[in-house]
There are 2 protein chains.
Amino acid sequence: MERKKNYFAGPCVLPVEVLKEVEKNIVDYQGNGLSMIEASHRGGMFEKMYDECIALVRELYSVPEDYDVYFLGGGATLQFTMIPFNFLKKNTTADYAMTGVWANKATEDAIKLGRVNVIFDGKDSKYSTLPEPGSLRFSDDSSYVYICANETIGGLEWKEYPDTGNIPLICDMSSNYFSQPVPVEKFSMIYGGVQKNLGPAGATLIIMKKSMLDRRNENIPAYLDYGRHSKEKGLYNTPPVFSIWVVKLVLEWIKANGGVKGMYDRSLITSGMIYDVIDNSNNFYYSPVDARFRSRMNICFRIRNQELEAKFLEEAKNNGMLGLKGHRSVGGLRASLYNSLPTSDVEFLRDFMIKFEKENS
Amino acid sequence: MERKKNYFAGPCVLPVEVLKEVEKNIVDYQGNGLSMIEASHRGGMFEKMYDECIALVRELYSVPEDYDVYFLGGGATLQFTMIPFNFLKKNTTADYAMTGVWANKATEDAIKLGRVNVIFDGKDSKYSTLPEPGSLRFSDDSSYVYICANETIGGLEWKEYPDTGNIPLICDMSSNYFSQPVPVEKFSMIYGGVQKNLGPAGATLIIMKKSMLDRRNENIPAYLDYGRHSKEKGLYNTPPVFSIWVVKLVLEWIKANGGVKGMYDRSLITSGMIYDVIDNSNNFYYSPVDARFRSRMNICFRIRNQELEAKFLEEAKNNGMLGLKGHRSVGGLRASLYNSLPTSDVEFLRDFMIKFEKENS
């Protein structure tokens, strides 16, 4: 069957070349007589692939030597717990910017584990805007500052990161990971679920400055302890092998397509195509998001006449387009334009939106 | 290439029929125009597969209605934390049986989170034996009793489970999951990583009596909270989609091959083949494990003349046999005979062991 046009917010589209590579190797990995998913994580076949994957992460994101790189399970959601469990020390404060569903969930978990200072709350704007980075004030006893780089549900993306001086900056990059060059050295920890730009659900990619481990709390149970994972290079217990393998293939695909700079340049063009349709629709469509912080990855939009949204989705479906419904918590429409979405599928969406506007204005 | 004979302890062999089914559907799932790993976990294509998978778990294991069934990430190791975090209440005790590497790791994590009473410690026997279930004494203020059904590294398996009366019994079944009929109603919680008998690494299957949720601690961060996962039927956050899909295919394969009773009957025959070689080797081979508690899944053995073990492994490798080295923490040899290992591969190992003994006695 012809491939659907897949605008899901994650899990989502993967490069078809990668899927075909998986197809080719899923029964017998490169002539080794077994599948990668049948191989022990303590064996050479897995370890070679794993080392190559980690090396690609380091290369494509220019990760400094003094940072750990590994994968965990449990999704970004588990990190909402692990971060304060490790780094929110007694009698100190963690500074959280509440910018939407994902940052807010992280904040709620931290509040359960220690003292939290909310340095920004987008509530009054219905989470449609972000703070100017220079306007943020941090706690004197701050253990770390926490932000979410891209709010998948709200469609907001930080364009500049706050300068936190000596305070560690921790960032959830789940939904814009590897979609742009990032100054990794500005962050003490970056993490994200891989199931948007990088691969199949089931793995969370951790990039952490090794010196952060000295700031840990004591007596942390094994899986929650970043020190344990660092020491074992992410192989303390059985890792999510399949997800890691496919991430490696996607990273190779990113490298062959211009690296993260290539992904970034293309994302400006593709997201621009859709925002242009919205902005030039004479208010037929509108974006609920502060234009300064529009996400390149998740484009949230509405039809002024909201009764037309169901019709839009129905016709989209009839045209082989998936995943254009906004998140159930906010409603409306959303198109996710991750790395792996072909430009032709963005053009298809653009043309569909223009046609729908003409037919229903 | 001809398939290797795969005796890895996990990740490990999967049914080749399942791998071929994945191969057939990995680019385009059943003619839907996208891969299962590209589908949103909030969409019909995933949900249909997911519901079928959960139904198969319930059917094959005869799970009572008042139990939750879902998958989490982070491996069994994360459960070592989650169990005491949820169920070890202040001013109560958790009773742990320390029976080897895996139960001991669970115990160590619980000690970090609350009061633990060790009801058995196999240390003096070098973890080569298990307690008689009737000999165990539980704490008066016990929150739960914890056991590991099968020690993957030590090669020990409980044959009867302790009767804990009104105290909840919690069991790690990672390495003998779905290899035998289990009286689920005797347990308040059963869990296990799927990467031995059930599928590819990346998912942990949880089976929990719903009334356990009333015994939870308060104020648990989101991912660690079984109540949250129960309420959202395991879809609170993005689940490990690929692992769940393949588990479903393996469960169908188990069902077509006699269900867990069929797996059990065959495991008695196959493990018996190898233990017979050991017992009839006139002490050329020996088993370090109390014969009453020998695992059907993980057969640990040694060669009396330990210098021959390297030769054994070398010749095994030359015969296309993988994964026969004992765990690095205990040394020696180990053959894992999980559900998916063809009987012919067990026969091959048996014949190889007999030949090796003849040539080296």
Task: Closest heavy-atom pair and its distance - B:Arg3, A:Leu34 - done: NH1-CA, 4.5 Å
Task: side chain to side chain contact (heavy atoms under 4.5 Å, CB included) between A:Phe242 and B:Ile37, intermediate numbers included - done: CA-CA 11 Å; A:Phe242 178 79; B:Ile37 59 175; 4.1 Å; yes
Open item on the list: Under 4.5 Å from any heavy atom of chain B, what part of A:Ser243 do you find: side chain, backbone, both or neither?
Closed with: neither
TODO: Would you confirm whether B:Asp109, through its side chain, and A:Ala222, through its main-chain N or O, come within 3.5 Å as a donor-acceptor pair?
DONE: yes
- [ ] Check each atom of B:Pro239 against the heavy atoms of chain A and say whether the ones under 4.5 Å are side chain, backbone, both or neither.
- [x] backbone
Task: Best-contacting candidate, B:Lys325, B:Gln195, B:Gln79, B:Glu108, against chain A by heavy atom pairs under 4.5 angstrom - done: B:Gln195
TODO: Check whether B:Glu2 gets within reach of chain A through its side chain, its backbone, both or neither, counting any heavy atom under 4.5 Å.
DONE: backbone
- [ ] Quick one: which of A:Thr77, A:Thr81, A:Thr204 has the most heavy-atom pairs under 4.5 Å with chain B, could you say?
- [x] A:Thr77
Open item on the list: Between B:Ile111 and chain A, with a heavy-atom cut-off of 4.5 Å, which part of the residue counts as in contact: side chain, backbone, both or neither?
Closed with: neither
Open item on the list: Looking only at heavy atoms and a cut-off of under 4.5 Å, which of B:Leu322, B:Asn6, B:Leu14 has the most pairs with chain A?
Closed with: B:Leu14
Task: Engaged part of B:Leu78 at the chain A interface, taking heavy atoms whose separation is under 4.5 Å - done: both
Task: Option that, when pairs with chain B are counted at under 4.5 Å, heavy atom only, ranks first among A:Val16, A:Asn25, A:Asn32 - done: A:Asn32
Task: Non-hydrogen side-chain atoms of B:Leu113 and A:Pro221 separated by less than 4.5 Å - done: yes
Task: Proximity breakdown for B:Tyr223 and chain A, heavy-atom pairs closer than 4.5 Å - done: both
Open item on the list: Taking the side chain as everything from C-beta on, heavy atoms only, tell me whether B:Val241 gets closer than 4.5 Å to A:Pro200.
Closed with: no
Open item on the list: Check B:Glu218 with A:Lys112, please: is the shortest side-chain N to carboxylate O separation under 4.0 Å?
Closed with: no
Task: Contact leader toward chain A among B:Gly10, B:Gly33, B:Gly202, where contacts are heavy-atom pairs under 4.5 Å - done: B:Gly33
TODO: Select one option (side chain, backbone, both, neither) describing which atoms of B:Asn219 are under 4.5 Å from chain A's heavy atoms.
DONE: both
Task: chain A contact via B:Ser40 - side chain, backbone, both or neither, heavy atoms under 4.5 Å - done: both
TODO: For B:Pro11 and A:Ala39, work out which heavy atoms get closest and say how close.
DONE: CB-O, 3.4 Å
Task: Which atoms of B:Phe46 approach chain A - backbone, side chain, both or neither, heavy atom under 4.5 Å - done: neither
- [ ] Answer yes or no: is there a donor N or O on one side and an acceptor on the other, between the side chain of B:Asn237 and the main chain of A:Gly74, under 3.5 Å?
- [x] yes
- [ ] Just give me the residue among A:Gly75, A:Ala9, A:Gly320, A:Gly31 that pairs up with chain B most often, heavy atom to heavy atom, under 4.5 Å.
- [x] A:Gly31
- [ ] Measure distances from A:Lys105 to the heavy atoms of chain B and classify the residue's part below 4.5 Å as side chain, backbone, both or neither.
- [x] side chain
Task: Heavy-atom closest pair, residues B:Phe8 and A:Glu38 - done: CD1-O, 3.8 Å
Task: Among B:Ile26, B:Val246, B:Ile244, residue most engaged with chain A (heavy-atom pairs, under 4.5 Å) - done: B:Ile26
Task: CA sep, side-chain torsions, deciding dist, call: B:Lys20, A:Val27, side chain to side chain contact (heavy atoms under 4.5 Å, CB included) - done: CA-CA 6 Å; B:Lys20 286 181 177 167; A:Val27 175; 4.1 Å; yes
- [ ] Apply the test side chain to side chain contact (heavy atoms under 4.5 Å, CB included) to residues A:Arg42 and B:Arg328: give CA-CA distance (whole Å), side-chain angles for both, the deciding distance (0.1 Å), then the verdict.
- [x] CA-CA 10 Å; A:Arg42 309 290 180 200; B:Arg328 53 202 166 129; 3.3 Å; yes
- [ ] Could you tell me which of A:Lys24, A:Met36, A:His41 has the largest number of non-hydrogen atom pairs under 4.5 Å with chain B?
- [x] A:His41
- [ ] Take A:Leu224 and B:Leu224 through the test side chain to side chain contact (heavy atoms under 4.5 Å, CB included) and record every step on the way to the result.
- [x] CA-CA 10 Å; A:Leu224 302 189; B:Leu224 302 188; 4.3 Å; yes
